[in-house]
Amino acid sequence: MYGWEFPPFKSGGLGTACHDLTKGLSSFDSKVVFVMPVKPGSKAEFVELVGVDTKEIESMLTAYAQPGDDDVYSWNLFGEVARYARFAGKLAKKFKHDVIHAHDWMTYGAGIIAKKLSGKPLVVHLHATEFDRTANNPDPHIKFLERRGLEEADVIITNSNFSKNNIIKNYDVPAEKIKVVYWGIDQSSPDFELNFKSELSKTHKIVLFLGRLTVQKGCDYFLQAAKKVLELEKNTKFIIVGSGTMMPELVSLAHKLGIDEHVIFTGALKGADVHKAFQMADVFVMPSVSEPFGLVALESMRNKTPLIISKQSGASEVIKNCFKLDFWDVDKMTCDIVSILRYPSLKHELKQNGFKEVLHHDIFKPAKEVLDIYKEVRGDS
Amino acid sequence: MKGVCFYFQVHQPYRIRKDFSVFDIGRKKDYFDIAKNSQVLKKVSEKCYLPANKILLDSLAKHEDFKVAFSVTGSIFEQFQEHAPNVLKSFSDLASTGGVEFLAETYNHSLSFLFDKEEFQFQIAEHKKLMKSFFNQKSKIFRNTELIYSNDLAKFVEKLGFKAILAEGAGKILEWRSPNHVYKAKDCDVKLLLKNYKLSDDVAFRFSQQSWEGWPLTAEKYADWINASGGEFVNLFLDYETFGEHQWQDTGIFDFLAALPGELKNKGLTFFKPSELLKFKPKAVLDFKEPVSWADTERDTSAWLGNDLQRSAAALLYRIKGAVLRSNNKQLIDSWRKLTTSDHFYYMCTKWFNDGDVHKYFNPYDTPYEGYVAFMNVLNDIIHRVKDTKGLKMDKPSIKQKRGV
């Protein structure tokens, strides 16, 4: 299995997804070798982690990603991706395997090389397309790599029908080649039970945004709604957790809206701090413009935090106990936030029912479905 | 001679505008979705009320002893007046045959008995006036919203002059007894007319269910079952929308309805109006300590008051009654009464939401949460509009309102 992120090295949901999938697969006695672009930062008993050194700079490709505090996606990303493909792909000769599984465009090259070397079927997993990440302004090179992976794949797995339709629309892939596996979360983390209470919530209601600060995640709509919420509910703080290229723009937007004193940018948080952020919030908003799934939605429910999500997300296909809206519908976002802040009964029911519901979305169900896809692609179903 | 007693519930609520948002509070926006309500009413009239009324009218002409009863709420009556006066005309034609009885209930199809007895009494009186003026009928038989019944209700309506109440023939109350007899309420002289839920639900829910062993249900087969079910009579209590709406025309439901009276007569059965059942002697006293309804497998009030959304919304609604009445604003008082209709609380029910069950005929909302928010926004607009807000408080954090009685 080829992946770009694995905890503790991650910048978004992809690392968590890879961790949870390998853990889920191991519960069905599948052996997974996980090849990543850095030296593994942790040990996991359910998976063999192999690091490939990609940091050696040998060619200066385009400076795609801007320098930021992302520790995984550096400024010479394409160089690393190309190196990773060569070195990681060759590992196919070293490790015996039945299926090759590659997560997102960074690893498709490695998957394709591995398939050429071993002749084993290639499963390409699409957590987000370049169209999702950029709100339909794809980088041509990434688009090219993504397309190649989808074409070379024997089967494509994606996280929702929303994502499946985007793939068909943007890459003209036949629908029957794409399988939808809805994602779940690892329910075993002790951090869900922290029951964290912040000092801030004694005096203020808290509305949370959590995600990469990129155009894909729709944080600007969150701020527009914040402005309107404050006109109705003054004692409210808006916490924005995450980092990304859009941060300066968001800070200045908060200033322009005249709400900077009510908005707190925390930067990216890790581990238990993420759960604390959920637990102290009265409501979590995921206003993504284009979200193939949106694991944070499940994490919010698991932390008993009421949830508002955009209909432009895969999670909205499976989750019931939440508010759903179009990401651009700032008025409805405002109304839903204010309603949750104002009506304790509403908050209570969303919490309770959301929690009960999310317990059904564990990591074993998707792992089983992926395993069935492996069997099918190997022809022994 | 053994007989059958048909009673059909005829009701539609005034649905709230689902776009009544927090921004609209204090902006003098209409509360009710006129377009949606008239659209639903016209659709159901075409698909159900008009064709079913026509069939019943034909049966009344054809079979001298055929009889049916209706309970028509004030809520739907007003909407008929406005959007489908031809339906009222057809009910009036039915009334003039002499074979049709119109039962008493709360004008607004409300849960007021559980919250405010004074309001409950008022709404019954309003409904009584309506039935008297339009159908020239004054029923001695009461049916409460959603067939919710408990001992207290019998004692209360006895004082209002009612002789009998309709109730669900719930297994948990009847145990081994048959619903096909008259029973007596506990500690008063009110008689109980119990729904035979098995036979009623065969039509209401199972008629078109191909996996059901009784499918396809013919009028002849059904008449056989009724004949074989013992007792002095069989009470078939149904939502009128069963005909043509819950069971579509192509299931054969109308042919079934048309053929049924003849088939029942072939078996030597006759027909009773609910008031004609008063002549039977009660078999036993039944003790309904907790409210029993005709909804879901629980047969309790949890479909309307089972979660905090419903309980907090209902509590606030009844808490502001005094202030609303004191405002002397006729339109505001009328709107408040429309909000007492049970359907608004039904839309906030979460218990089947997770099962993806289809309990949602004409439910305008995607989720119970949306239903709650629209309702609360409207309530808050009312609070904003009444000048006297003494003693009014918003939703409190911990809701431990008494459930029901």
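Worth saying up front: this structure is predicted, and the values here are computed from it rather than measured. Quick note on labels: first sequence line is chain A, next is B, and so on, each numbered from 1.
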Quiz item: By a 4.5 Å heavy-atom criterion (distance strictly below it), what part of Leu350(A) contacts chain B: side chain, backbone, both, or neither?
Solution: both
Exercise. Sort Lys347(A) into side chain, backbone, both or neither according to what part of it lies under 4.5 angstrom from a heavy atom of chain B.
Key: neither
Quiz item: Out of Phe20(B), Trp336(B), Tyr14(B), which residue meets the ring-ring contact (aromatic ring centres under 6.0 Å, His included) rule with Tyr31(B)?
Solution: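 Passing option: Phe20(B).
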Quiz item: So which part of Ser21(B) gets closer than 4.5 Å to some heavy atom of chain A, the side chain, the backbone, both or neither?
Solution: both
Self-check item: Interchain contact, Asn377(B) with chain A, by part (heavy-atom threshold 4.5 Å)
Solution: both
Exercise. Check whether any side-chain heavy atom of Gln123(B) sits under 4.5 Å from a side-chain heavy atom of Thr340(B), and report yes or no.
Key: yes
Self-check item: Sequence neighbours excluded, every pair satisfying ring pair (Phe, Tyr, Trp, His ring centres under 6.0 Å) that has a member inside residues 296-330 of chain A
Solution: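 Qualifying pairs: Tyr221(A)-Phe327(A).
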Exercise. Cation-pi check, Lys338(B) to Phe32(B): give yes when NZ or CZ is under 6.0 Å from the six-membered ring centre and within 45° of the ring axis, no otherwise.
Key: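 Flagged: Lys338(B) positioned over aromatic ring of Phe32(B).
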